[in-house]
Number of protein chains: 2
Amino acid sequence: MPDPTTDPSFNSFLDVAPEHPFPIQNLPYGVFTPPEDSTPRVGVAIGDHVLDLAILTENDFFSEPQIQQERPFAASSLNGFMALGSPVWTTVRERVHTLLRADTAPLRDAPSLQSQVLHDRAKVTMHLPVEVGDYTDFYSSEHHARNVGTMFRSAENALQPNWKHLPVGYHGRASSIIPSGTDVRRPCGQTRPNDDEPPVYGPSQLLDFELEMGFFTGPGNPRETPIPIEETPEHIFGFCLVNDWSARDIQGWEYVPLGPFLGKSFATTISPWVVPMTALQPFRVPSPKQEPAPLPYLQQEGNWAFDVDLEVDLQTEGMTAPTTICRSNFRHMYWTVCQQLAHHTVNGCNTRPGDLLASGTLSGPTEDSYGSMLELSWRGQDPIDLPGDDTRSFLENGDRVVLRGAAKGDGYRVGFGTAEGTIRPASCA
Amino acid sequence: MPDPTTDPSFNSFLDVAPEHPFPIQNLPYGVFTPPEDSTPRVGVAIGDHVLDLAILTENDFFSEPQIQQERPFAASSLNGFMALGSPVWTTVRERVHTLLRADTAPLRDAPSLQSQVLHDRAKVTMHLPVEVGDYTDFYSSEHHARNVGTMFRSAENALQPNWKHLPVGYHGRASSIIPSGTDVRRPCGQTRPNDDEPPVYGPSQLLDFELEMGFFTGPGNPRETPIPIEETPEHIFGFCLVNDWSARDIQGWEYVPLGPFLGKSFATTISPWVVPMTALQPFRVPSPKQEPAPLPYLQQEGNWAFDVDLEVDLQTEGMTAPTTICRSNFRHMYWTVCQQLAHHTVNGCNTRPGDLLASGTLSGPTEDSYGSMLELSWRGQDPIDLPGDDTRSFLENGDRVVLRGAAKGDGYRVGFGTAEGTIRPASCA
């Protein structure tokens, strides 16, 4: 049965242009405060508006016992809603869809209700949408892994022996996940620029972005109860953009043998709107061909890659407008999100509502699709050209980086908004 | 000024034997439920009793505005109390000390109050004491790092080039931290027992414990505000025992290049009582000599190692009593806890109340002080002998592992209780 909430033939009674990221087929969730009230609450983006689910609950638009009892929308995070599970997510999405459709009356013909529950999106303040319990970062783009492996080892040994057998990943730092728009201070730390000299302390000289996407889990699995791969889709609430800022020189010195640590943990930026798994269903495309075939616990039928166009814009202090330095796609993952989640829990590891599992850098096959400065400038050997004779090997102070993403349908798009941040100078004592 | 709460000359009006882990000089915090009430609350262990801080608060024993407002003891975790910072920790500790002393009357001479606020420790249920936001595991015992490096590389290249310049660590999994006494199911996962064959799925064959200690942070530091090393002590709330269970075969196959992941994330056991930093002050001993001298941000005056005896007991299904297989000490850390915390935040990484920073395996210099089966059996080449002709290379089903720790004073000890768990058979689909 086709899902009415993703049907392209429906329109909202609110005007939403065809290029707009937030049509009625998207309905992403976020946490916001309106200008007149400092209490954070959960909303849904629709065109240039935000629908206030907390006030809708107060007005008895959600009669479900779980929503009446838990009040998940009068909250400063989506975690409570994520905990309720996919049947409740479906109910809420369908209710919101009905409310916003052009052919239904309850909100369309109720100007007084509209004034209560619809906020001007330009005027609200967006917050971190999720209280992330654990943050995992994978390494699932083969192009990215090959690029980095070629740079630091050789083309012949670019992929480690395990890479095609399991989705390699590591635990990231949850505390330093920040919402889009938050400035990022260049980190201080220990590096060893010269192998023949002792290490030094100071500002990172090789600051980078990483173009990634991530998904949030819910309702979670108990410890010692793995999620079989065929059940993983109902444990995925939705998706966001992730910029896993990286200090390559700190990372390069510290990471052997236990992996990335301070080279990553100073900041990770995510987009404020979480696009539901359901909204991306029409954009599923064939999963990558995997050779050798993975072990049975990682085998899955069907199309589980997602066709989401991704872009990275860079604007330096000397530029009057941003320029796009990377065009990639979420489908450039060798390992699917379902495989990532099945693998993550196969040892009995529990996930909780609001855990974030990110893709790793989503580099594509072509040089203009590489998702990091490390790859775009090939380790600084080949700086990229910017408008006005400027060049970049890594990020400099004042640089603004904007990630954007959109799944493109016929006459509409399901967008992710942006994940952006500006580099501020280091302050090293 | 000597701290009265650690003065060995004080006794409690409650009988506490000299060998007891919880004398009045200790006063560790935990979260418990008494048998007659299912509401978790914060308590202090004193001898064979638990002092109920939630009921004491109701009885106005804590008049501090922060405690009156926040009610941190009527809580299912210590996080709220940890957030209040070291001046409040000191106040509460001194108040509790006064209340429990033999030479003061308020509780000693009030049998009715005693019956309200003192629970029989044998009858309460202990819970996970902290809601861990982020869990970091270091690798700070040189003996352990050299043992593992020698095994997998060579004695000449045992330590990686960075090891003596910074406390190497990685992000662990917070969701699967469990309280002492919880069984641990042998994890399933992907391993590659034979390099010439494809990897296989099944139960881990090389299950191990790791003897560690950990500390909890509070009140935390804002993002982009590192904690200078001289301020680190006031950001350390207290200590617990940590068993970082490890599946060596899963870990060995997955960990290149991003570090340990599923080989660790199935379970990490911690002891239920958190021993305050203050209680360990009398047991500070000279920090290890560090050569080469670390960078200035890691340099620190004074004695910052802690003399805490640690033991690991093993009891197999065939044994009628446990046997001690490891005797080590918390002082076997090359990097101090202060250096760990200063390093962790030097890049601007924020910590929050209740973050856990663990030591890594605390192996000592002698073969009987190695803190893991990997080292005790030297990668399985030299199985350890157990009573009754049994031997062990790695853990088998039914094995019970008990970590114990105590700082030993003159006529008293500051103990940590135990962190224990029993291995249950795998259940691999």
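The chains referred to below are lettered A, B, ... by the order of the sequence lines, with proteins before strands, and numbering in each begins at 1.
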For A:Ser175 and B:Asp355, does a side-chain donor sit closer than 3.5 Å to a side-chain acceptor? no
With sequence neighbours excluded, give me every salt bridge (Lys or Arg N to Asp or Glu O under 4.0 Å) pair touching residues 340-352 of chain B. B:Asp134-B:Arg352
Please find out if less than 6.0 Å separates the ring center of B:His344 from that of A:Phe261. yes
Point-to-point distance, once rounded to the nearest 0.5 Å, from NE2 of A:His171 to CG of B:Asp137: 10.0 Å
Under a 4.5 Å heavy-atom cutoff, which of A:Lys264, A:His343, A:His165, A:Arg424 has the most pairs with chain B? A:His165
I'd like to know which of A:Gly220, A:Gly133, A:Ala174, A:Gly348 tops the heavy-atom pair count under 4.5 Å against chain B. A:Ala174
Heaviest contributor of heavy-atom pairs below 4.5 Å to chain B, chosen from A:Pro292, A:Ser265, A:Pro161, is A:Ser265
Which one of A:Pro260, A:Gly169, A:Ser176 has the most heavy-atom pairs closer than 4.5 Å to chain B? A:Gly169
Where A:Glu224 and B:Asp183 come nearest, the two heavy atoms and their spacing: OE2-O, 3.8 Å
Measure across B:Gln160 and A:Pro257 and return the closest heavy-atom pair with its distance rounded to 0.1 Å. CG-CD, 4.2 Å
B:Arg223 meets the salt bridge (Lys or Arg N to Asp or Glu O under 4.0 Å) criterion, sequence neighbours left out, with none
For the residue pair A:Asn162 and B:Val256, what are the closest heavy atoms and their distance? ND2-O, 3.0 Å
Residue-level contacts of residues 184-193 of chain A with chain B, using a heavy-atom cutoff under 4.5 Å: A:Val184, A:Arg185, A:Pro187, A:Cys188, A:Gly189, A:Gln190, A:Arg192
Does some side-chain heavy atom of A:Tyr255 sit less than 4.5 Å from a side-chain heavy atom of B:Leu258? no
With a strict 4.5 Å heavy-atom criterion, list every residue of residues 198-205 of chain A that contacts chain B, or say none. A:Pro199, A:Val200, A:Tyr201
